[in-house]
Amino acid sequence: GDVDDAKDEL
Amino acid sequence: MNIFRLAGDMTHLLSILVLLLKIYATKSCSGISRKTQELYAIVFVARYLDLFTDFISVYNTFMKVVFIASSLAIVWCMRFHPMVRRSYDRELDTFRHYFLVGASFALALILHEKFTVQEIFWAFSIYLEAVAILPQLVLLQRSGNVDNLTGQYIFFLGAYRAFYILNWIYRYLTEPHFTRWIACVSGVVQTALYADFFYYYFISWKNNSKLKLPA
C-alpha cells in the first residue's frame with residue numbers, strides 16, 4: 001500500500 | 001473526487017448549516033452537546049495542520065477553512081453568546097469528553113502512518129472524530145425529545161459518514177493502491193455509532209411522528 005499519497009479527503 | 005465523496009462533503013456541510021440555522025433562528029442551542037461541538041473544533045484544527053504545508057485544491061482549502069471557522073463559531077456561540085448560552089442543557093451534557101481526547105491521542109501515538117507531528121495529529125483527529133458524537137447521543141438519550149432541526153443535524157451528520165464509506169468502497173474498487181486502514185476502520189466505527197439513532201429517525205419518519213428516543 002502507498003501511504004505517501006496526499007491526504008485529499010476532508 | 002467521486003459522486004459519493006461529494007455527496008458526503010455536501011451532507012457534512014448541510015449538517016453544519018442546519019445547526020447554524022437552528023442556533024441563529026431560534027437563538028437556542030437546546031438539545032445540542034457543547035462537548036461534541038468542542039471535540040469537532042479540536043478534530044478540525046488538529047487534522048488541517050496541513051493547510052499551510054500541502055496544497056491539494058481550492059475546493060479542499062476552502063472546505064477546511066469552512067469547517068474550522070464554523071466549528072469555532074458554534075463553540076463560541078454556545079459559550080459566550082448572551083442568549084444562546086442560556087439555553088445550553090448543561091446538566092444533561094455531562095459526558096467526560098476529555099477521556100475521549102486522551103484515549104484518541106494515546107491511540108494516535110501507537111497507531112499512525114508515520115511518526116511525525118503532523119501525522120500523529122492527523123491520526124488523533126480521525127480517532128477523535130469517530131467518537132466525538134457520543135456526548136451528543138448521550139444528551140439526546142437523556143432529554144428524550146429531539147426537536148426537528150437537531151434531528152436533521154444528526155441525520156445529515158450520519159449521512160455524511162455513510163457516503164464516505166461508499167466513497168472508500170468506490171475508491172478501493174477503482175484505484176489500484178487505495179489502502180487507508182486508519183481512516184476506513186475508524187470511519188466504519190463512527191458510522192456504526194449512528195445506527196441506533198438512524199433506526200429511531202426512520203421509525204418517526206415512517207409514522208410521521210415526532211422523533212423520540214427511548215429512555
Side-chain angles (χ1 to χ4, degrees), chain A, chain B residues 1-2 4-6 8-13 16 40 43-44 47-51 53-57 59-68 112-116 118-119 121-123 125-126 129 160-161 163-165 167-168 170-172 175-184 186-187:
Chain A
D2 202 339
V3 293
D4 260 342
D5 52 347
K7 291 183 165 41
D8 59 339
E9 292 182 351
L10 300 159
Chain B
M1 176 73 84
N2 59 65
F4 303 113
R5 162 74 201 286
L6 184 65
D9 286 350
M10 290 306 115
T11 42
H12 193 187
L13 201 57
I16 292 169
Y40 282 136
V43 163
F44 293 134
R47 185 174 309 164
Y48 302 150
L49 291 176
D50 65 354
L51 208 45
T53 57
D54 300 283
F55 178 77
I56 292 149
S57 64
Y59 171 84
N60 195 278
T61 300
F62 175 77
M63 294 292 271
K64 284 174 175 172
V65 171
V66 168
F67 288 146
I68 290 175
H112 45 258
E113 291 185 351
K114 278 182 234 146
F115 194 73
T116 63
Q118 203 163 306
E119 287 290 338
F121 273 101
W122 180 83
S125 81
I126 294 288
E129 187 188 354
Y160 142 61
R161 296 315 313 180
F163 279 124
Y164 255 71
I165 289 182
N167 154 58
W168 290 325
Y170 180 86
R171 293 187 73 167
Y172 181 75
E175 291 174 30
H177 299 292
F178 185 76
T179 47
R180 244 171 247 176
W181 292 110
I182 289 177
C184 294
S186 308

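All chains are named by letter (A, B, ...) in the order of the sequence lines, taking the proteins before the strands, and each is independently numbered beginning at 1.
In this structure, the portion of B:Phe67 lying under 4.5 Å from any heavy atom of chain A is its side chain and not its backbone. Within the 4.5 angstrom heavy-atom criterion, only side-chain atoms of B:Trp122, from C-beta onward, approach chain A. Both the backbone and the side chain of B:Asn60 have a heavy atom closer than 4.5 Å to some heavy atom of chain A.
Using a 4.5 Å heavy-atom cutoff, the side chains of A:Lys7 and B:Asp54 are not in contact. For the pair B:Tyr160 and A:Leu10, the minimum side-chain heavy-atom distance is 4.5 Å or more.
Side-chain contact annotation: B:Asn167 with A:Glu9, donor-acceptor N/O pair under 3.5 Å present.
Remark: B:Tyr172 engages B:Phe178 in a side chain to side chain contact (heavy atoms under 4.5 Å, CB included) (not counting sequence neighbours).
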**Prompt:** Passes salt bridge (charged side-chain N to carboxylate O under 4.0 Å, His left out), B:Arg180 versus A:Asp8? Steps please.
**Reply:** CA-CA 12 Å; B:Arg180 244 171 247 176; A:Asp8 59 339; 3.3 Å; yes
